[in-house]
Number of protein chains: 2
Amino acid sequence: MKCESQKTSSPIAEKPRKPKFRRRAEARPDEVLDAALELFTKRGFSRTTVDQVAKRAGLSKGSVYLYFPSKKALLAGLVRRAVVPVANMALGVIADYRGDPRPVIRQLVGMLASNMNDPKVFAVPKLVIREAVGAPEIAQMYREEVLDRALPAMTRLIAQGVEGGHIRKVDPELTIRSILGPLMMHLVMAEVFSIKPEGGLALDRLADNHLTILFAGLEPEEARL
Amino acid sequence: MKCESQKTSSPIAEKPRKPKFRRRAEARPDEVLDAALELFTKRGFSRTTVDQVAKRAGLSKGSVYLYFPSKKALLAGLVRRAVVPVANMALGVIADYRGDPRPVIRQLVGMLASNMNDPKVFAVPKLVIREAVGAPEIAQMYREEVLDRALPAMTRLIAQGVEGGHIRKVDPELTIRSILGPLMMHLVMAEVFSIKPEGGLALDRLADNHLTILFAGLEPEEARL
DNA sequence: ACTAAATAACTGACCGGTCAGTTACTTACA
DNA sequence: TGTAAGTAACTGACCGGTCAGTTATTTAGT
């Protein structure tokens, strides 16, 4: 690995008083990643050539290898760049909340749903799922940096809700699938099969419908006891 | 397209009185597809060579082209072979059922969950999702032959349940995501990221947990009125 | 002997990665 | 201010390898 993207340039001089002579790079890795994201998303990883990425980023193939040691490193860089904010978002919302988890879940689902409208944001997870077989190390990175942080937090949130008697006695780990699965399926249907509800993506309606069922389903069953 | 696979060979003689043993064709297309399924599943479409498929099926690359006009035709043949039974299964269960949809949903989810244990069955949908970008015509075939038949039937099932007052007033089309999404997410997490609940895939526990929440969530809200 | 089945060798295009060379900028010095 | 020296940034032709698809030939069943 050589660089991967690091925005550490300030116009003001630093301490070593030998700024040498920076040329006009620095923004380049990010530009390359932008181009790669666009092409990988549109045509898939293996059907995109490094040359195409270079052209789109406005430089030559050789220069791409100045910044990234391999084609796969492009994918890795892409994931890494998108990964931190997403994971942090989820964790920030959940934090160490205590009480009825439903407001937090509503917020989380709402955030995800609204993000799904922005292709830039969700292109990376889609890419990861699609290319995980050919590049297992990418899947693992994604897992380590996103899932292994976000899922335990969600599990805790739900478990805590169950213990506090705020929601039905469900399996916290499995219930995560019930919370996020419908969103994922919606995404897959729309992206892979172009199956959308009548009026566009309708993500707000989806979130509404889903949360209505989910929250009613999570209602504790005290009436039965 | 030349053949695509057709299992019309029975050990008992047919009408043309030719029980002799054909050199060794007839079963070949299916053997090739079996090999292709295995390799495509394990290594992805583009990273699998036709030669590898041929070797695994016990013949030469040239022979593969005797049965299939192109590499993509292998994928198409795979989809077509798996598609009819799946779609029929779903439609058979739903039929033109009237009444509370929940028993039917339970049966459907149960069938899907139990099928997910068999890699042979779910390898094809997984493949389709993964390769849909590089081979849109495959995705479309899958859509036309499976989804466009199964989804409307499910929509009808739910709509009918709403009208009959058996379940809450939900959006039938969107509720499909709430029914099947958790299963899909479970599959993706397990297959792509190797994230499984403690004790294996736990598909029955997943189905249980999911249906508990779902059915409670679908309960009509007469108490509120 | 005839023919369908099967093959192995071949071809041509493609692509990831390399590297010798060029360009454009910075600095040093007059 | 001008210019020579120095170098990071960049280029694009090229190499080695791979692979989908073709074809000339061999093999085996009748």
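Proteins get letters first, then strands, A, B, ... in listed order; numbering begins at 1 in each. If you're wondering where the values come from, they're calculated on a predicted model, not measured in any experiment. Atom set for the values below is all heavy atoms of this structure, side chains included, hydrogens, waters and symmetry mates excluded.
D:dA9 atom P lies 14 Å from atom CD of A:E31, rounded to whole Å. Rounded to an integer number of Å, the gap from OH of B:Y65 to C1' of C:dA4 is 21 Å. In this structure, CG of B:L74 is placed 10 Å from P of D:dA20, rounded to the nearest angstrom.
Partners of B:K71 according to the side-chain hydrogen bond (donor to acceptor under 3.5 Å, both in side chains) rule, which considers only residues two or more places apart in sequence or in another chain, do not exist here. Applying the side-chain hydrogen bond (donor to acceptor under 3.5 Å, both in side chains) rule to B:T41 yields no partners; only residues at least two apart in sequence or on another chain are considered. Evaluation of the side chain to side chain contact (heavy atoms under 4.5 Å, CB included) rule for A:R106 yields A:L211, A:F215 as partners, not counting sequence neighbours. Residues satisfying the salt bridge (Lys or Arg N to Asp or Glu O under 4.0 Å) criterion with B:E137, sequence neighbours excluded, are B:K72. In terms of the side-chain hydrogen bond (donor to acceptor under 3.5 Å, both in side chains) criterion, A:D208 has no residue partners (sequence neighbours excluded). Evaluation of the side-chain hydrogen bond (donor to acceptor under 3.5 Å, both in side chains) rule for B:D204 yields no partner, not counting sequence neighbours. Residues meeting the side chain to side chain contact (heavy atoms under 4.5 Å, CB included) test with A:M189, sequence neighbours left out: A:M185, A:I195, B:L151, B:R177.
For A:L59, the side-chain atoms get nearest to D:dT11 when compared with the rest of D:dG21, C:dG17, D:dT11. If you check C:dG17, D:dA9, D:dG21 against the side chain of A:Y67, the one that comes closest is D:dA9. Nearest to the side-chain atoms of B:L66 among the listed nucleotides D:dC10, D:dG21, C:dA6 stands C:dA6.
Looking at A:H186, its side chain never comes within 3.5 Å of a backbone N or O of A:A202 through a donor-acceptor pair.
Within residues 35-54 of chain B, no residue has any heavy atom under 4.0 Å from DNA chain C.
Screening residues 124-134 of chain B for side-chain hydrogen bond (donor to acceptor under 3.5 Å, both in side chains) gives B:K126-B:E191 as the qualifying pairs, with residues at least two apart or on separate chains. Sequence neighbours left out, the pairs with a member in residues 142-151 of chain A that pass side-chain hydrogen bond (donor to acceptor under 3.5 Å, both in side chains) are A:N88-A:R149, A:Q140-A:E144, A:R143-A:D148.
A salt bridge does not link A:R156 to A:D96: none of the charged nitrogens lies less than 4.0 Å from a carboxylate oxygen.
Comparing the axis of the opening five pairs of the helix from C:dA1-D:dT30 to C:dA30-D:dT1 with that of the closing five pairs yields an angle of 10°, rounded to 10°.
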Tabulate protein N/O versus nucleotide N/O from nucleotides 12-15 of chain D, keeping only pairs under 3.5 Å, one per line.
none

